[in-house]
2 protein chains.
Amino acid sequence: MQLLNNKKAYKNQAKILIAVDCIIFGFDSEELKLLLFKRKVAPLKGSWSLIGAFVDENLSLNNAAKQVVSNLTGLNNIFLEELQTYSDVDRDPGERVISVAHYSLIRINDFDLDSVEKYDARWFKIDEIPELIIDHKQMVDDAILKIRKKARYQPIGFELLPEKFTIPHLQILYECIYQKKLDDRNFRKKILSFNILTKTDEKDKSGSKKGAFLYKFNKEKFTSFISKGYNFEL
Amino acid sequence: MQLLNNKKAYKNQAKILIAVDCIIFGFDSEELKLLLFKRKVAPLKGSWSLIGAFVDENLSLNNAAKQVVSNLTGLNNIFLEELQTYSDVDRDPGERVISVAHYSLIRINDFDLDSVEKYDARWFKIDEIPELIIDHKQMVDDAILKIRKKARYQPIGFELLPEKFTIPHLQILYECIYQKKLDDRNFRKKILSFNILTKTDEKDKSGSKKGAFLYKFNKEKFTSFISKGYNFEL
DNA sequence: CCAAAAGTGTTGTTTTTACACCCATGT
DNA sequence: ACATGGGTGTAAAAACAACACTTTTGG
């Protein structure tokens with residue numbers, strides 16, 4: 001605001017209800033998934049929706065969204081970023097509410113869905129999203145496009161994969177995000193050429209008899225990789 | 001919002017002042033510029049700021065921002081897009097205000113600054129931005145990064161250049177956005193390879209004795225170009 | 001011993017970069 | 001006739017895409 005008005009003038013301005021809604025992505029080594037919630041109360045009882053909350057006087061939007069995810073999962077240092085606003089005047093049948101959608105990437109195994117049973121939460125594969133209330137489907141579609149774009153220049157794997165992961169897993173993650181098959185030789189070649197992975201001497205044998213070596217992201221190398229302006233097209 | 005609450009529950013929620021602030025870019029054939037406003041009233045009289053407005057009960061954020069630009073310039077079908085929210089609790093010294101920044105690209109010659117003299121507006125080169133109130137400098141920096149990113153996959157020239165323009169002008173625009181010199185042969189080769197420009201038989205002689213051919217964007221070709229998933233890296 | 005996934009190299013094609021000269025014209 | 005910016009082509013390097021076989025080991 002340009003502050004054309006002094007404080008007195010603010011008094012004449014309409015105030016509006018603000019909410020945050022969270023699009024929570026997870027990855028379980030096989031599929032990219034989205035956390036959705038079944039409404040337990042009328043109206044719209046039984047419909048699926050995103051989780052959200054009204055924004056309090058004393059929280060920034062980002063903090064409000066963090067609080068939503070934290071209350072739900074107990075997780076604190078999660079990746080969470082603003083998507084965009086949804087502000088159609090009549091979008092909420094109750095009263096005018098402007099919603100600021102945020103999306104979050106979490107490791108699906110870092111918390112137990114049982115512990116959030118009260119919310120009636122469920123993970124959905126991103127190509128099997130049910131009907132959602134109001135404009136939540138639009139939010140989800142926008143968020144999927146966003147992470148697809150984002151994956152091109154930032155290593156989204158950091159947030160979605162456990163500390164140690166195999167290259168085949170990383171590839172599956174990218175295949176889920178882009179929704180297409182990648183060539184395994186070219187993928188490995190390219191990702192290793194970035195020099196942002198550190199090989200451990202451990203193997204994950206859950207996926208095959210032979211076992212695949214576990215790698216870690218190397219944050220220092222990665223930071224300088226980004227700051228030099230490279231990007232991550234795959 | 002998940003509508004966990006029924007309408008009655010909405011009543012207990014805090015409402016907040018919402019504003020839109022507009023980062024208005026223009027291009028005058030030589031420089032990328034930003035439109036800023038000098039406050040005429042206390043507090044912060046004499047400081048430069050973006051232009052903005054509080055959001056009305058019955059306007060979406062996007063429409064509110066369009067109205068701001070339209071009131072200022074008289075222009076209606078302008079390019080305008082959401083940037084992001086700024087919601088620190090104490091950002092506005094007057095009272096809590098959440099601002100949703102929008103950025104806009106306009107043809108600098110489509111309107112006359114004289115006609116907006118009452119706002120005390122001025123175009124600034126983007127590398128000569130003065131100090132701005134509150135977090136407006138942050139908004140501007142974020143907006144510049146955004147258009148730099150956006151220019152990679154969308155033809156921003158459409159919005160910033162007049163209907164007919166020369167290839168040297170288009171190149172200067174990209175050089176302003178990226179803030180670096182581009183090779184003229186490679187630029188021309190690449191931009192023409194996209195097949196989204198139509199050559200006219202007119203020449204613009206304002207830049208040289210020889211004159212440079214004027215081109216137009218071809219919207220149909222461009223639309224299919226985008227929808228095929230190509231992008232615009234230069 | 002075999003099924004199943006992990007891992008490894010090469011080659012042809014495309015894209016990108018770097019680079020230098022002639023052209024048209026107004027003064 | 002000359003100064004000024006407009007316009008053109010080519011070659012070397014780099015990046016990308018396509019492709020098939022060997023390795024390991026649990027069952």
Side-chain angles (χ1 to χ4, degrees), chain A residues 28-31 151-153 157 161-162 164-176 178-216 225 228-234, chain B residues 28-31 151-153 157 161-162 164-176 178-216 225 228-234:
Chain A
D28 67 359
S29 309
E30 284 177 30
E31 299 266 2
R152 293 176 72 87
Y153 56 92
L161 291 170
K164 296 173 187 171
F165 51 88
T166 67
I167 289 186
H169 272 156
L170 187 59
Q171 180 173 349
I172 291 167
L173 171 57
Y174 274 92
E175 289 178 342
C176 288
Y178 294 142
Q179 297 278 299
K180 75 170 188 193
K181 201 100 193 74
L182 302 172
D183 180 282
D184 56 344
R185 283 159 291 189
N186 293 340
F187 180 84
R188 180 182 294 265
K189 202 186 311 171
K190 181 137 193 180
I191 206 91
L192 289 175
S193 77
F194 294 153
N195 260 314
I196 54 170
L197 300 186
T198 308
K199 191 176 187 172
T200 71
D201 48 12
E202 299 165 70
K203 279 192 164 187
D204 169 15
K205 297 210 170 186
S206 66
S208 69
K209 327 270 162 119
K210 183 179 178 183
F213 279 103
L214 288 161
Y215 288 76
K216 292 177 173 184
F225 174 77
K228 281 185 206 127
Y230 288 95
N231 75 19
F232 227 73
E233 313 223 353
L234 283 166
Chain B
D28 66 359
S29 309
E30 284 177 29
E31 299 267 1
R152 296 176 71 89
Y153 56 91
L161 291 171
K164 297 173 187 170
F165 51 87
T166 67
I167 289 185
H169 272 156
L170 187 58
Q171 180 173 348
I172 291 167
L173 171 56
Y174 274 93
E175 290 178 342
C176 288
Y178 293 143
Q179 298 278 297
K180 76 170 187 192
K181 201 99 194 74
L182 302 172
D183 180 281
D184 56 344
R185 283 160 291 192
N186 293 339
F187 180 84
R188 181 181 295 265
K189 202 187 310 170
K190 182 137 193 180
I191 206 90
L192 289 175
S193 77
F194 295 153
N195 260 315
I196 54 170
L197 300 186
T198 308
K199 192 175 187 173
T200 71
D201 49 12
E202 299 163 72
K203 279 192 163 186
D204 170 15
K205 298 209 170 184
S206 65
S208 71
K209 327 272 164 112
K210 182 178 178 183
F213 279 104
L214 288 161
Y215 289 76
K216 293 177 173 184
F225 173 77
K228 280 185 206 126
Y230 288 95
N231 74 19
F232 228 72
E233 314 225 351
L234 282 167

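Chain letters run A, B, ... following the sequence lines, proteins first and then strands; every chain starts at 1.
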For the CG atom of A/Asp204 and the OG atom of A/Ser29, what is their distance to the nearest 0.5 Å? 8.0 Å

Measure the distance from CG on A/Leu170 to C1' on C/dA6 and round it to the nearest whole Å. 15 Å

Would the base of C/dA6 count as contacting A/Lys210 through its side chain, where contact means a donor and an acceptor less than 3.5 Å apart? yes

Name all residues meeting the salt bridge (Lys or Arg N to Asp or Glu O under 4.0 Å) criterion together with B/Lys210; count only those two or more places apart in sequence or in a different chain, and write none if there are none. none

State, with a plain yes or no, whether a side-chain heavy atom of B/Tyr215 is found less than 4.5 Å away from one of B/Leu192. yes

Write down the atom of B/Leu197, the atom of B/Phe165, and the distance for their closest heavy-atom approach. CD2-CZ, 3.9 Å

Restricting to side chain to side chain contact (heavy atoms under 4.5 Å, CB included), what partner residues turn up for A/Glu30, sequence neighbours left out? A/Asp28

Check whether B/Glu31 reaches the backbone of B/Cys176 with its side chain - one donor and one acceptor, N or O, closer than 3.5 Å. no

Whole Å only: how far is the CD atom of A/Gln171 from the C1' atom of C/dG7? 12 Å

Once you round to the nearest 0.5 Å, how far does CZ of B/Phe187 lie from CG of B/Leu170? 4.0 Å

For a 4.5 angstrom cut-off between non-hydrogen side-chain atoms, does B/Tyr178 reach B/Arg152? yes

Please list, in 5' to 3' order, the outermost nucleotides of DNA chain D lying under 4.0 Å from any heavy atom of chain A. D/dC16 to D/dG26

Write down the protein N/O and nucleotide N/O pairs, taken from nucleotides 14-18 of chain C, whose separation is under 3.5 Å; answer none if there are no such pairs.
unit_1, atom_1, unit_2, atom_2, d
C/dT16, OP1, B/Lys190, NZ, 3.2
C/dT16, OP2, B/Lys190, NZ, 3.1
C/dA18, N7, B/Asn186, ND2, 3.0
C/dA18, N6, B/Asn186, OD1, 3.3
C/dA18, N6, B/Lys189, NZ, 3.4

Residues which pass salt bridge (Lys or Arg N to Asp or Glu O under 4.0 Å) with B/Lys216, listed by chain and number, not counting sequence neighbours: B/Glu163

Send over the distance from A/Phe213 CZ to C/dA5 P, rounded to a whole Å. 19 Å

For the backbone of B/Arg188 and the side chain of B/Gln171, can you confirm whether one donor and one acceptor N or O come within less than 3.5 Å of each other? no

Return the residues of residues 191-208 of chain B meeting this criterion: a heavy atom under 4.0 Å from some atom of DNA chain C. Order them by number, or give none. B/Lys205

